[in-house]
Amino acid sequence: MTFALRLITFLAALLLALPARSEVEFIGAYNWALDDPRFGGFSGIEVTDDGDSFVAINDRAMFITGQFERTDGQITGIIAGPMVPMTGPGGRALTRPESDSEGIAIAPDGTIYVSFEWMHGIRRFDAVGQPGSELMTTSDFDSLQNNASLEALAIGDDGALYTIPERSGAATLPFPVYRLKDGIWDQPFSIPRRGAFLVAGADIGPDGMLYVLERDFVGIGFRSRVRRFDMTGGSEQVLLETAIRQHDNLEGISVWEDEQGLRLTMISDDNFGFFQRTEVVEYRLTD
């Protein structure tokens, strides 16, 4: 085989190994503020099927519910509040190590699930303002890094919960996807780790696909990426990859559908910092 033919074969194999790309259209970004010292640090969001309402969480064990005001499909206002603290069984206050809430998923019956990354596990809430369950966890989480574990949470049509840690353990290791189904934990698949991006959020869309939001901090700001997979970890597609500081620190994602197709709604974590902002960002898939 000639050198030129070997080079062509190598490049073809490389292209086949790279994820496919899809197209998205930017809809808008809304800077959100609320006069409450507990406001900020948002790590997860779930939007209703009609796109009108939402439940969001921050990384200090707080819920907030609200409604979007839209003009021509674009967010122009948010009516929301107050911040509502999460509690444990019997309504007891969560300790600081128990309060690092990161991912949210809501079942069709309204049951809310929240993942935590300091004390690794998931709690169940019957509704905002109701006490949470005991932490649902597994010994498989013992090897996860502190403050870098269950960052993302999603729920399937069958009620199974899928959670992904922020870090995989090494740059060469894929991100494990853990599943809790009928009270049993397993790890049905993993997704490849590509570049410096770390997992920030996830959702299962109306199309039954897994959407994973990732972010990368580069010193002067953040860049974000959204990838889509089937529920075996295959059919990888890059849907969105932003420039540095194009958006703030996007950490939560919700995928829903309007008459024009699938829409991605994302929310940023301002780290309760003066130089960052709480931003709700929306994109539409165009293919």
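A centroid separation of less than 6.0 Å is found between the aromatic rings of Tyr178 and Phe141.
Counting heavy atoms of neighbouring residues, nucleotides and ligands inside a 6.0 Å radius, atom CZ of Arg124 does not exceed 12 of them. Heavy-atom neighbours of Asp109 CG from other residues, nucleotides or ligands within 6.0 Å: above the threshold of 12. Residue-environment remark: CG (Asp50) exceeds the threshold of 12 foreign heavy atoms within 6.0 Å.
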Side-chain donor-acceptor contacts of residues 142-155 below 3.5 Å, not counting sequence neighbours, with atom names and distances?
| from | atom 1 | to | atom 2 | distance (Å) |
| --- | --- | --- | --- | --- |
| Ser149 | OG | Glu117 | O | 2.8 |
| Ser149 | OG | His120 | ND1 | 2.7 |

Only pairs under 3.5 Å count here: list side-chain donor-acceptor contacts from residues 78-94, not counting sequence neighbours, and write none if there are none.
| from | atom 1 | to | atom 2 | distance (Å) |
| --- | --- | --- | --- | --- |
| Arg92 | NH1 | Glu98 | OE1 | 3.1 |
| Arg92 | NH2 | Glu98 | OE2 | 2.8 |

Identify every side-chain donor-acceptor pair in residues 165-174 under 3.5 Å, counting partners at least two apart or on other chains, and give the distances.
| from | atom 1 | to | atom 2 | distance (Å) |
| --- | --- | --- | --- | --- |
| Glu166 | OE2 | Arg215 | NH2 | 3.3 |
| Ser168 | OG | Ala170 | O | 2.9 |
| Ser168 | OG | Leu173 | O | 2.9 |
| Ser168 | OG | Arg193 | NH1 | 2.8 |

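Closest non-hydrogen pair, Pro206 versus Val255, comes out as CD-O, 3.7 Å. Heavy-atom minimum distance, Asp230 versus Ser235: OD2-OG, 3.0 Å.
Residue pairs satisfying the salt bridge (charged side-chain N to carboxylate O under 4.0 Å, His left out) criterion with at least one member in residues 196-211, sequence neighbours excluded, are listed as follows: Asp207-Arg228.
Looking at heavy atoms from C-beta onward, Leu135 lies in side-chain contact with Arg123 at the 4.5 angstrom threshold. The shortest side-chain heavy-atom distance between Ile45 and Met266 does not fall under the 4.5 Å cut-off. Here the side chains of Glu25 and Gln260 are not in contact, with every heavy-atom distance at 4.5 Å or above.
Taking Phe217 as the reference, Phe222 meet the ring pair (Phe, Tyr, Trp, His ring centres under 6.0 Å) condition, with sequence neighbours excluded. Here Glu46 pairs with nothing under the side-chain hydrogen bond (donor to acceptor under 3.5 Å, both in side chains) rule; sequence neighbours left out. Here Phe42 pairs with Trp32, Phe39 under the ring pair (Phe, Tyr, Trp, His ring centres under 6.0 Å) rule; sequence neighbours left out. Partners of Phe175 according to the ring pair (Phe, Tyr, Trp, His ring centres under 6.0 Å) rule, which considers only residues two or more places apart in sequence or in another chain, do not exist here. Tyr113 meets the ring pair (Phe, Tyr, Trp, His ring centres under 6.0 Å) test with no other residue; sequence neighbours excluded. With sequence neighbours excluded, the residues forming a side chain to side chain contact (heavy atoms under 4.5 Å, CB included) with Arg277 are Asn31, Asp248, Glu279, listed by chain and number. Checked against side chain to side chain contact (heavy atoms under 4.5 Å, CB included), Pro97 has the following partners two or more places apart in sequence or in another chain: Thr95, Trp118, Met119. By the side-chain hydrogen bond (donor to acceptor under 3.5 Å, both in side chains) test, Asp140 is found to be paired with no residue, residues two or more places apart in sequence or in another chain being considered.
Between Tyr162 and Phe189, the ring-plane angle classifies as tilted under the 30° and 60° cut-offs.
Both cation-pi conditions hold for Arg60 and Phe272: the charged atom is under 6.0 angstrom from the six-membered ring centre and inside a 45 degree cone around its axis.
Salt-bridge check for Arg194 with Glu236: passed, with a basic side-chain N closer than 4.0 Å to an acidic carboxylate O.
Both Ile267 and Leu34 belong to a single network of hydrophobic side chains, linked directly or stepwise wherever heavy atoms of I, L, V, M, F, W or Y lie under 4.5 Å apart.
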